[in-house]
Novice: 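Following this message is one structure expressed as structure tokens.
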Amino acid sequence: MRQDHNHEHRTRPSTNGSSANGSSPHTNGSSKSSGETNGYHTNGHSNGEGAVREHDDSPFFGHDREEVTRILLQSLSDLGYRNAAKQLSGESGYELEIPSVASFREAVLDGRWDEAEALLFGAETAEADGGVLLGNGHTRSRRKSRASFGSQNGYARQGLPLAEGADTTQMKFSLRQQKYLEMLDNRELNSALKVLRNELTPLKRDIGRLHALSSLMMCHSSDDLRMQAEWDGPEGDSRTLVLSEISKSISPSVMIPEHRLAMLLTAVQEEQILNCRYHNTTAQPTLYTDHDCPAEDFPLQTLTELRHHSDEVWYVEFSHDGSMLATAGKDGLVCIYDTRTYALRHEIREHDRNLNSASSAEGSNSKGVCYVVFSPDDQYLISCAQNNEFVVISVRDGRRVAHADHFDYPVTTAAWLPDSQTFVIGTQGSRRPLGLYSLRSGAGTSSASNVVKNNEIHSWRDPPWDATQGSNPNSFRITDCCVSPDGERLVATTIDNRILSFDLRTREKIGEWVMHDRLTSINFGVDGTQLLLNMNEGQVFTLNAETGEFIMRYEGAQQKEFVIRSCFGGAGENFILSGSEDSKVFIWRRQTGALVAELEAHAGGTVNAVAWHPTEHGVFASAGDDRRVRIWASASAIRPPSAEAGASRTSLGYYASR
Amino acid sequence: MGLAYNVYLNSKSIYGCKTCKTHLADHDEIISRLRLQNFRGQHGKAYLFNSVVNIQQGEAGERNMTTGRHVVRDIFCRQCKEVVGWKYDRAYESTEKYKEGKYILEQELLCKVA
């Protein structure tokens with residue numbers, strides 16, 4: 001079969017029917033639009049020898065041989081193996097690009113703009129130069145019919161086939177703009193002006209850009225021009241960029257999109273990563289095998305349980321460097337543990353001091369600590385309590401450094417700004433619902449014996465507090481808040497189901513979104529673009545931090561009456577972790593919403609809070625009503641290290657024996 | 001069982017627990033005084049409310065009151081667990097039936113919350 005076709009080539013050179021009109025043997029019956037071809041062989045014309053090349057047309061494992069070979073040719077060239085590319089081209093009989101495309105590419109990179117444009121769109125008259133005409137002297141080459149599209153000669157006349165929806169005016173604008181800029185750069189002002197007038201302006205496109213370009217004529221020197229136009233000159237990347245841009249509009253079968261093989265490989269890998277259930281790593285997986293993370297490496301098992309609390313544990317959080325874990329609960333106790341050994345480092349009972357007899361009654365809610373948070377430098381810890389106060393303690397020595405009790409209702413939440421000196425406090429009070437506080441006292445220094453007290457530097461309230469009025473109307477009350485990682489924005493949730501967003505520099509409110517049910521937890525993702533929220537009943541979802549648009553819902557957790565919290569976690573924040581009222585911990589894949597695991601965590605009560613270790617991605621903690629804090633790790637980390645496992649496992653391995 | 005925030009009422013005039021200021025009832029929920037005599041609790045004057053928030057109920061028990069026999073249960077502030085009044089479960093006299101399911105809060109144990 002193959003042999004016959006080659007014969008056809010030789011015996012009927014004038015028809016050029018080899019590659020056009022869909023009946024081409026080269027296309028192997030795959031659907032390509034007529035008038036386009038990608039099947040160009042070196043018909044023996046170009047090398048002048050008249051030798052016939054045999055080319056194998058059989059598909060390559062179900063794929064078109066020509067496509068695969070040309071993509072390989074492109075990849076070899078991209079990798080820099082030009083000789084190998086030439087060899088492959090010779091051996092297979094396929095060329096990466098037909099000569100006119102190659103000429104177009106060279107014309108752009110060399111700055112021969114008129115030629116480039118002619119090649120791209122087709123010249124009106126025959127051109128003697130340009131080196132594209134082959135020596136057949138076909139009169140055929142003058143015809144402009146579509147039938148001749150297939151010929152290599154025909155391209156010189158018709159221009160290159162363009163992609164669907166290609167904007168020829170935009171392409172011309174690009175080319176001519178580069179021409180103009182290069183002339184200006186070369187100080188050929190008259191020619192540049194001509195280009196501007198006769199070539200750019202008649203396109204009637206992008207008037208704003210035209211004005212900008214004309215104003216560039218005023219530049220004194222080429223350096224000035226380059227700076228103003230943000231252009232790096234003909235010897236820089238600008239020509240390559242123009243080529244890239246235009247090549248997107250050329251039919252992909254004629255000019256293969258850049259780095260096609262790499263793009264295909266990336267797409268497959270990304271697909272595999274998204275489908276990988278336990279993908280808890282940011283390392284690039286190998287191309288040699290299909291990627292799938294094993295469950296043994298994902299934290300699904302209990303490493304240890306911490307039992308210091310005598311009542312429900314309401315909050316748990318790791319320090320930013322991962323070296324400490326803080327827990328807080330209904331018994332008014334705050335514990336700080338060392339995460340290497342989970343030994344108790346500090347036991348803090350700050351809030352006991354301010355209780356009156358009634359609030360220390362048995363079973364009362366009054367002394368519970370509902371929120372703790374480490375400062376970004378891990379020097380301080382804020383503890384927010386139900387007895388209407390918060391305390392800031394120094395983590396190193398457990399000493400109190402700041403205190404505020406000018407609240408009439410429980411303090412529910414706190415968030416630090418990146419400077420580790422200022423922080424936001426949210427409360428359920430209407431007088432001071434949301435405030436900005438500082439560790440620096442008014443005097444400028446806080447000495448060792450001074451506890452900075454009630455140092456509120458700004459208060460957010462709606463309507464603002466008017467001290468002259470006998471009674472002020474009620475303001476919003478805060479249930480949770482968070483500060484974006486760059487310290488620019490503060491987002492807080494209120495008791496009446498609203499999300500309020502403030503700019504921390506101007507301290508103005510910049511947004512308000514109304515939700516339809518009670519909100520109990522809000523957190524920023526590490527890049528500041530996503531917000532993770534918990535809402536009644538059993539809704540965990542992410543929102544776009546700028547627009548408030550819903551991104552992804554995570555289903556399964558239960559929440560109806562109590563405050564349940566969630567967090568981002570894992571390598572690359574690939575996971576969402578949440579507590580639930582049915583005693584389980586839920587883990588989902590952040591990007592897809594797929595449920596990864598549903599773990600029985602704290603029997604008989606709710607799982608109130610969860611936290612993922614910030615640096616050791618195989619560890620997370622959960623806190624529940626059963627008075628325990630549970631540390632979770634992967635099966636492979638808990639197992640005693642085997643000989644080939646290596647040193648990295650030993651840090652957790654010894655827990656197995658505890 | 002779990003952390004739960006208190007309910008906050010939105011009204012011009014709110015009664016709260018004297019000890020911890022937890023919101024307990026809206027003034028507008030008081031059952032019209034025209035209909036009934038002043039209530040008296042152990043500590044003096046008291047009001048009958050249609051609905052209250054943030055309370056926990058105790059065990060029901062029969063009590064003989066000036067108005068007759070009733071089944072009542074004490075109610076406690078959810079936050080500090082102090083008694084703030086009682087709830088009428090059942091009234092044996094037909095003239096007292098209107099109290100069933102309603103709550104008494106003793107003025108002495110309340111404070112006005114802005």
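What you see below is based on every heavy atom in this structure, not just the backbone, and it leaves out hydrogens, waters and symmetry mates.
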Novice: Please report the closest heavy-atom contact between A:W314 and B:G2, naming both atoms and the distance.
Specialist: NE1-C, 3.6 Å

Novice: I need the A:N387 CG to B:C20 SG distance, nearest 0.5 Å.
Specialist: 11.0 Å

Novice: Give me the atom names and distance for the closest heavy-atom approach of A:Q386 to B:Q79.
Specialist: O-NE2, 3.6 Å

Novice: Using non-hydrogen atoms and a 4.5 Å limit, figure out which bit of A:S430 sits close to chain B: side chain, backbone, both or neither.
Specialist: neither

Novice: Would you find more than 12 non-hydrogen atoms of other residues, nucleotides or ligands less than 6.0 Å from B:K21 atom NZ?
Specialist: no

Novice: Which heavy atom of A:N474 sits nearest to which heavy atom of B:L9, and what is that distance?
Specialist: ND2-O, 3.9 Å

Novice: Considering residues, nucleotides and ligands other than A:K560, do more than 12 of their heavy atoms fall under 6.0 Å from its NZ?
Specialist: no

Novice: Is it true that the side chains of B:Y5 and A:Q428 contain a donor and an acceptor less than 3.5 Å apart?
Specialist: no

Novice: So for A:T520, is it side chain, backbone, both, or neither that comes closer than 4.5 Å to the heavy atoms of chain B?
Specialist: neither

Novice: Which atom names give the shortest non-hydrogen contact between B:L3 and A:C370, and what distance separates them?
Specialist: CD2-CB, 3.6 Å

Novice: Where is the tightest heavy-atom contact between A:Y409 and B:V113, given as atom of each residue plus distance?
Specialist: OH-CG1, 3.2 Å

Novice: So with a 6.0 Å cut-off around CZ of A:R627, is the heavy-atom count from everything else above 12?
Specialist: no

Novice: Can you name the closest pair of heavy atoms from B:N6 and A:I495 and give their distance?
Specialist: O-CD1, 4.1 Å

